[in-house]
Amino acid sequence: MTTRTVDTTKELAAFLRARREHLDPKDFGLPSRQQARRTPGLRREEVAELAGVSVDYIARLEQARGLRPSVNVVEALSRALRLTPDERAYLFNLAQQRPRNADKPATTASAPLARLVTDLSPLPAMLMNHRYDVLAWNREMAGLLLDFATLPPSQRNAMWLCLVHPEIRELYVDRERVVREGIAHLRAAWAAHPEDRALTDLITQCTIHNEDFARLWAERDVQVNGRGHKVIRHPDAGVIAVHFEVLVPLQDPDQRLMICRAADDESRSALDRLRSP
(Lines give C-alpha, C1' and ligand atoms only; values in the text may rest on other atoms or scores of the structure.)
Protein backbone atom coordinates (compact mmCIF):
# COMPACT_ATOMS: atom_id res chain seq x y z
CA MET A 1 0.00 0.00 0.00
CA THR A 2 1.29 3.46 -0.89
CA THR A 3 0.38 6.84 0.49
CA ARG A 4 0.90 10.34 -0.82
CA THR A 5 2.69 11.54 2.28
CA VAL A 6 4.92 9.93 4.89
CA ASP A 7 3.71 9.51 8.45
CA THR A 8 7.13 10.14 9.93
CA THR A 9 6.18 8.94 13.41
CA LYS A 10 5.03 5.55 12.13
CA GLU A 11 7.92 5.20 9.71
CA LEU A 12 10.40 6.11 12.45
CA ALA A 13 8.91 3.37 14.62
CA ALA A 14 9.01 0.82 11.81
CA PHE A 15 12.55 1.76 10.81
CA LEU A 16 13.90 1.46 14.36
CA ARG A 17 12.27 -1.97 14.75
CA ALA A 18 13.61 -3.14 11.40
CA ARG A 19 17.17 -1.99 12.14
CA ARG A 20 17.09 -3.49 15.65
CA GLU A 21 15.86 -6.85 14.36
CA HIS A 22 18.49 -6.80 11.62
CA LEU A 23 21.38 -6.79 14.09
CA ASP A 24 23.22 -9.92 15.21
CA PRO A 25 23.75 -10.15 18.99
CA LYS A 26 27.08 -11.87 18.37
CA ASP A 27 28.42 -8.68 16.76
CA PHE A 28 27.93 -6.96 20.10
CA GLY A 29 29.48 -9.72 22.19
CA LEU A 30 26.04 -10.76 23.46
CA PRO A 31 25.01 -14.40 23.87
CA SER A 32 22.61 -15.53 21.18
CA ARG A 33 20.26 -17.31 23.62
CA GLN A 34 18.36 -18.75 20.73
CA GLN A 35 15.79 -20.42 22.92
CA ALA A 36 15.09 -17.25 24.85
CA ARG A 37 14.88 -14.90 21.85
CA ARG A 38 11.45 -14.92 20.30
CA THR A 39 12.41 -12.40 17.59
CA PRO A 40 15.64 -11.87 15.66
CA GLY A 41 18.10 -9.13 16.46
CA LEU A 42 18.67 -7.21 19.66
CA ARG A 43 16.17 -6.76 22.44
CA ARG A 44 14.82 -3.33 23.24
CA GLU A 45 16.64 -3.29 26.54
CA GLU A 46 19.92 -4.01 24.77
CA VAL A 47 19.43 -1.14 22.35
CA ALA A 48 18.40 1.11 25.24
CA GLU A 49 21.59 0.27 27.12
CA LEU A 50 23.76 0.87 24.03
CA ALA A 51 22.06 4.20 23.34
CA GLY A 52 21.95 5.36 26.95
CA VAL A 53 18.17 5.79 27.10
CA SER A 54 15.41 3.99 28.97
CA VAL A 55 13.73 0.83 27.74
CA ASP A 56 10.38 2.61 28.05
CA TYR A 57 11.64 5.35 25.71
CA ILE A 58 12.64 2.80 23.06
CA ALA A 59 9.27 1.08 23.44
CA ARG A 60 7.37 4.32 22.95
CA LEU A 61 9.44 5.20 19.88
CA GLU A 62 8.78 1.79 18.33
CA GLN A 63 5.09 2.08 19.14
CA ALA A 64 4.81 5.44 17.33
CA ARG A 65 3.54 7.21 20.40
CA GLY A 66 4.35 10.70 19.18
CA LEU A 67 7.84 11.22 20.57
CA ARG A 68 10.31 13.45 18.76
CA PRO A 69 13.82 12.38 19.79
CA SER A 70 16.45 15.06 20.22
CA VAL A 71 19.59 15.37 18.11
CA ASN A 72 21.60 13.67 20.87
CA VAL A 73 19.18 10.77 21.09
CA VAL A 74 19.07 10.29 17.31
CA GLU A 75 22.86 10.32 17.25
CA ALA A 76 22.99 7.76 20.07
CA LEU A 77 20.46 5.52 18.32
CA SER A 78 22.45 5.76 15.09
CA ARG A 79 25.56 4.50 16.89
CA ALA A 80 23.70 1.83 18.84
CA LEU A 81 22.05 0.45 15.70
CA ARG A 82 25.27 0.79 13.68
CA LEU A 83 23.55 2.71 10.92
CA THR A 84 25.29 3.47 7.67
CA PRO A 85 25.69 7.16 6.74
CA ASP A 86 22.63 6.94 4.48
CA GLU A 87 20.57 5.23 7.18
CA ARG A 88 21.71 7.82 9.72
CA ALA A 89 20.58 10.64 7.42
CA TYR A 90 17.25 8.87 6.93
CA LEU A 91 16.73 8.56 10.69
CA PHE A 92 17.49 12.24 11.19
CA ASN A 93 15.00 13.14 8.46
CA LEU A 94 12.31 11.02 10.07
CA ALA A 95 13.00 12.62 13.45
CA GLN A 96 12.88 16.05 11.76
CA GLN A 97 16.22 16.95 13.21
CA ARG A 98 19.37 18.29 11.61
CA PRO A 99 22.41 16.06 12.06
CA ARG A 100 25.73 17.32 13.17
CA ASN A 101 28.33 17.08 10.45
CA ALA A 102 29.85 13.67 11.07
CA ASP A 103 32.76 14.02 8.67
CA LYS A 104 35.61 16.50 8.76
CA PRO A 105 35.60 19.09 5.97
CA ALA A 106 37.26 17.90 2.80
CA THR A 107 40.85 19.10 2.51
CA THR A 108 41.81 17.04 -0.54
CA ALA A 109 39.90 16.16 -3.67
CA SER A 110 38.47 12.67 -3.88
CA ALA A 111 40.19 10.77 -6.68
CA PRO A 112 37.08 10.27 -8.87
CA LEU A 113 36.19 13.95 -8.67
CA ALA A 114 39.75 15.03 -9.40
CA ARG A 115 39.64 12.90 -12.56
CA LEU A 116 36.26 14.37 -13.47
CA VAL A 117 37.65 17.90 -13.20
CA THR A 118 40.36 16.96 -15.68
CA ASP A 119 37.92 15.17 -17.98
CA LEU A 120 35.63 18.22 -18.13
CA SER A 121 38.14 19.98 -20.40
CA PRO A 122 37.74 22.10 -22.44
CA LEU A 123 35.27 23.59 -19.95
CA PRO A 124 37.01 25.41 -17.08
CA ALA A 125 36.28 23.49 -13.88
CA MET A 126 37.47 23.33 -10.30
CA LEU A 127 36.62 21.57 -7.06
CA MET A 128 36.17 23.37 -3.73
CA ASN A 129 34.95 22.57 -0.24
CA HIS A 130 32.30 24.52 1.68
CA ARG A 131 34.78 27.18 2.80
CA TYR A 132 36.04 27.88 -0.76
CA ASP A 133 39.33 25.99 -0.43
CA VAL A 134 40.34 25.03 -3.97
CA LEU A 135 41.04 21.28 -4.04
CA ALA A 136 41.44 20.55 -7.77
CA TRP A 137 41.32 22.41 -11.08
CA ASN A 138 41.92 21.77 -14.73
CA ARG A 139 44.21 23.53 -17.18
CA GLU A 140 41.40 25.70 -18.52
CA MET A 141 40.47 27.02 -15.07
CA ALA A 142 44.13 27.77 -14.36
CA GLY A 143 44.28 29.76 -17.58
CA LEU A 144 41.06 31.61 -16.85
CA LEU A 145 41.75 32.55 -13.22
CA LEU A 146 45.10 31.53 -11.78
CA ASP A 147 47.43 28.56 -11.73
CA PHE A 148 46.72 27.48 -8.17
CA ALA A 149 49.75 25.19 -8.28
CA THR A 150 51.93 28.29 -7.90
CA LEU A 151 50.43 28.87 -4.44
CA PRO A 152 50.96 26.85 -1.26
CA PRO A 153 47.84 24.83 -0.31
CA SER A 154 47.14 27.12 2.65
CA GLN A 155 46.61 30.05 0.25
CA ARG A 156 44.35 28.26 -2.22
CA ASN A 157 41.11 29.77 -0.98
CA ALA A 158 38.91 31.45 -3.58
CA MET A 159 37.46 34.02 -1.18
CA TRP A 160 40.82 35.02 0.28
CA LEU A 161 42.36 35.30 -3.19
CA CYS A 162 39.49 37.45 -4.42
CA LEU A 163 40.12 39.82 -1.53
CA VAL A 164 43.91 40.07 -1.42
CA HIS A 165 45.60 38.55 -4.49
CA PRO A 166 46.64 41.40 -6.82
CA GLU A 167 45.74 39.55 -10.04
CA ILE A 168 42.43 38.11 -8.84
CA ARG A 169 41.38 41.43 -7.27
CA GLU A 170 41.47 43.09 -10.69
CA LEU A 171 40.02 40.14 -12.60
CA TYR A 172 36.28 40.67 -12.11
CA VAL A 173 34.52 43.52 -13.88
CA ASP A 174 31.83 43.65 -11.18
CA ARG A 175 34.03 42.81 -8.22
CA GLU A 176 31.64 44.28 -5.63
CA ARG A 177 28.86 41.89 -6.68
CA VAL A 178 31.20 38.89 -6.84
CA VAL A 179 32.55 39.56 -3.34
CA ARG A 180 29.07 40.25 -1.95
CA GLU A 181 27.68 36.98 -3.34
CA GLY A 182 30.72 35.05 -2.14
CA ILE A 183 30.34 36.40 1.39
CA ALA A 184 26.61 35.63 1.42
CA HIS A 185 27.44 32.06 0.39
CA LEU A 186 30.18 31.84 3.03
CA ARG A 187 27.73 32.97 5.73
CA ALA A 188 25.37 30.13 4.80
CA ALA A 189 28.29 27.67 5.04
CA TRP A 190 29.28 29.15 8.42
CA ALA A 191 25.82 28.46 9.85
CA ALA A 192 25.80 24.93 8.41
CA HIS A 193 29.26 24.14 9.82
CA PRO A 194 29.46 25.90 13.20
CA GLU A 195 32.10 23.41 14.39
CA ASP A 196 34.54 24.23 11.57
CA ARG A 197 37.33 26.14 13.31
CA ALA A 198 39.23 26.74 10.07
CA LEU A 199 36.19 28.42 8.54
CA THR A 200 35.72 30.62 11.61
CA ASP A 201 39.42 31.55 11.49
CA LEU A 202 39.12 32.42 7.79
CA ILE A 203 36.16 34.71 8.45
CA THR A 204 37.97 36.33 11.38
CA GLN A 205 41.10 37.00 9.31
CA CYS A 206 39.10 38.38 6.40
CA THR A 207 37.14 40.65 8.73
CA ILE A 208 40.29 41.98 10.39
CA HIS A 209 42.38 42.50 7.27
CA ASN A 210 39.84 43.52 4.61
CA GLU A 211 37.46 46.45 4.93
CA ASP A 212 35.21 45.27 2.09
CA PHE A 213 34.73 41.88 3.73
CA ALA A 214 34.06 43.42 7.15
CA ARG A 215 31.47 45.80 5.70
CA LEU A 216 29.63 43.16 3.68
CA TRP A 217 29.83 40.48 6.39
CA ALA A 218 28.10 42.85 8.80
CA GLU A 219 25.12 43.12 6.44
CA ARG A 220 24.31 39.44 7.08
CA ASP A 221 23.16 38.65 3.57
CA VAL A 222 22.66 34.92 2.97
CA GLN A 223 22.61 33.32 -0.45
CA VAL A 224 23.67 29.89 -1.67
CA ASN A 225 25.20 30.61 -5.03
CA GLY A 226 24.81 27.50 -7.15
CA ARG A 227 24.41 29.20 -10.51
CA GLY A 228 25.40 32.56 -11.87
CA HIS A 229 27.20 34.81 -14.29
CA LYS A 230 30.59 36.50 -14.06
CA VAL A 231 32.48 38.83 -16.36
CA ILE A 232 36.26 38.58 -16.27
CA ARG A 233 38.75 41.12 -17.57
CA HIS A 234 41.52 38.75 -18.58
CA PRO A 235 44.97 40.32 -19.10
CA ASP A 236 45.70 38.17 -22.18
CA ALA A 237 42.31 37.29 -23.69
CA GLY A 238 40.24 40.39 -22.97
CA VAL A 239 36.73 40.44 -21.55
CA ILE A 240 35.26 36.96 -20.96
CA ALA A 241 31.68 36.42 -19.78
CA VAL A 242 30.93 33.01 -18.28
CA HIS A 243 27.96 31.19 -16.84
CA PHE A 244 28.80 28.86 -13.96
CA GLU A 245 27.11 25.93 -12.25
CA VAL A 246 28.05 24.51 -8.85
CA LEU A 247 27.20 20.83 -8.33
CA VAL A 248 27.36 18.87 -5.06
CA PRO A 249 28.22 15.16 -5.46
CA LEU A 250 26.08 12.78 -3.41
CA GLN A 251 29.05 10.68 -2.33
CA ASP A 252 31.19 13.68 -1.37
CA PRO A 253 28.72 16.33 -0.14
CA ASP A 254 31.43 18.64 1.23
CA GLN A 255 32.95 19.04 -2.21
CA ARG A 256 31.56 21.45 -4.79
CA LEU A 257 32.22 21.13 -8.49
CA MET A 258 32.20 24.46 -10.35
CA ILE A 259 31.89 24.31 -14.14
CA CYS A 260 32.14 27.39 -16.34
CA ARG A 261 31.03 27.88 -19.94
CA ALA A 262 31.19 30.85 -22.27
CA ALA A 263 28.18 33.16 -22.15
CA ASP A 264 28.55 34.41 -25.74
CA ASP A 265 30.48 33.85 -28.96
CA GLU A 266 33.14 36.44 -28.15
CA SER A 267 33.82 34.82 -24.80
CA ARG A 268 33.96 31.40 -26.43
CA SER A 269 36.61 32.67 -28.82
CA ALA A 270 38.54 34.18 -25.93
CA LEU A 271 38.51 30.86 -24.07
CA ASP A 272 39.71 29.12 -27.23
CA ARG A 273 42.63 31.55 -27.42
CA LEU A 274 43.58 30.77 -23.81
CA ARG A 275 43.68 27.04 -24.66
CA SER A 276 45.94 27.58 -27.64
CA PRO A 277 49.60 26.65 -26.96
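Computation of the quantities below employed the complete heavy-atom set of this structure, encompassing side-chain atoms and omitting hydrogens, waters and symmetry-equivalent molecules.
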Has Arg273 got a side-chain atom pairing as donor or acceptor with Ala237's backbone, closer than 3.5 angstrom?
yes
Looking at Arg180 and Glu176, is there a salt bridge between them, counting it only when a charged N and a carboxylate O are closer than 4.0 Å?
yes
Would you say the side-chain atoms of His234 pair up with the backbone N or O of Gly143, donor to acceptor, closer than 3.5 Å?
yes
Is a donor on one side and an acceptor on the other found under 3.5 Å between the side chain of Arg60 and the backbone of Arg65?
no
N/O donor-acceptor pair under 3.5 Å between Asn138 side chain and Leu120 backbone
no
Identify the heavy atoms of Gln97 and Val71 that sit nearest to each other, and give their distance.
OE1-CG2, 3.6 Å
Stepwise salt bridge (charged side-chain N to carboxylate O under 4.0 Å, His left out) check, Glu245 with Arg256
CA-CA 10 Å; Glu245 294 279 343; Arg256 284 117 174 87; over 6 Å; no
Could you tell me whether a side-chain N or O of Arg79 sits under 3.5 Å from a main-chain N or O of Ala51, the two making a donor and an acceptor?
no
Treating Ile, Leu, Val, Met, Phe, Trp and Tyr as nodes and any side-chain heavy-atom pair under 4.5 angstrom as an edge, say whether Leu257 and Leu145 lie in one connected cluster.
no
Report yes if some heavy atom in the side chain of Trp217 is under 4.5 Å from a heavy atom in the side chain of Ile203; otherwise report no.
yes
Would you please test Asp264 and Ser267 for side chain to side chain donor-acceptor pair (under 3.5 Å) and show each step?
CA-CA 5 Å; Asp264 51 53; Ser267 298; 2.8 Å; yes
State whether Tyr132 and Arg156 meet the cation-pi test: NZ (Lys) or CZ (Arg) under 6.0 Å from the six-membered ring centroid, and within 45° of the perpendicular axis.
no
Single-linkage hydrophobic cluster Tyr172~Val231, side-chain heavy atoms < 4.5 angstrom:
no
Report the C-alpha separation of Leu144 and Trp137 in whole Å, then their side-chain angles, then the decisive distance to 0.1 Å, and conclude whether the side chain to side chain contact (heavy atoms under 4.5 Å, CB included) test is met.
CA-CA 11 Å; Leu144 179 63; Trp137 59 94; over 6 Å; no
Examine distances only and state if a side-chain atom of Glu219 and a backbone atom of Leu216 form a donor-acceptor pair shorter than 3.5 Å.
no
Do side-chain atoms of Asp254 reach the backbone of Ala106 as a donor and acceptor pair under 3.5 angstrom?
yes
Kindly give the heavy-atom pair with the smallest separation between Leu94 and Glu11, and that separation in Å.
CD2-CG, 3.6 Å
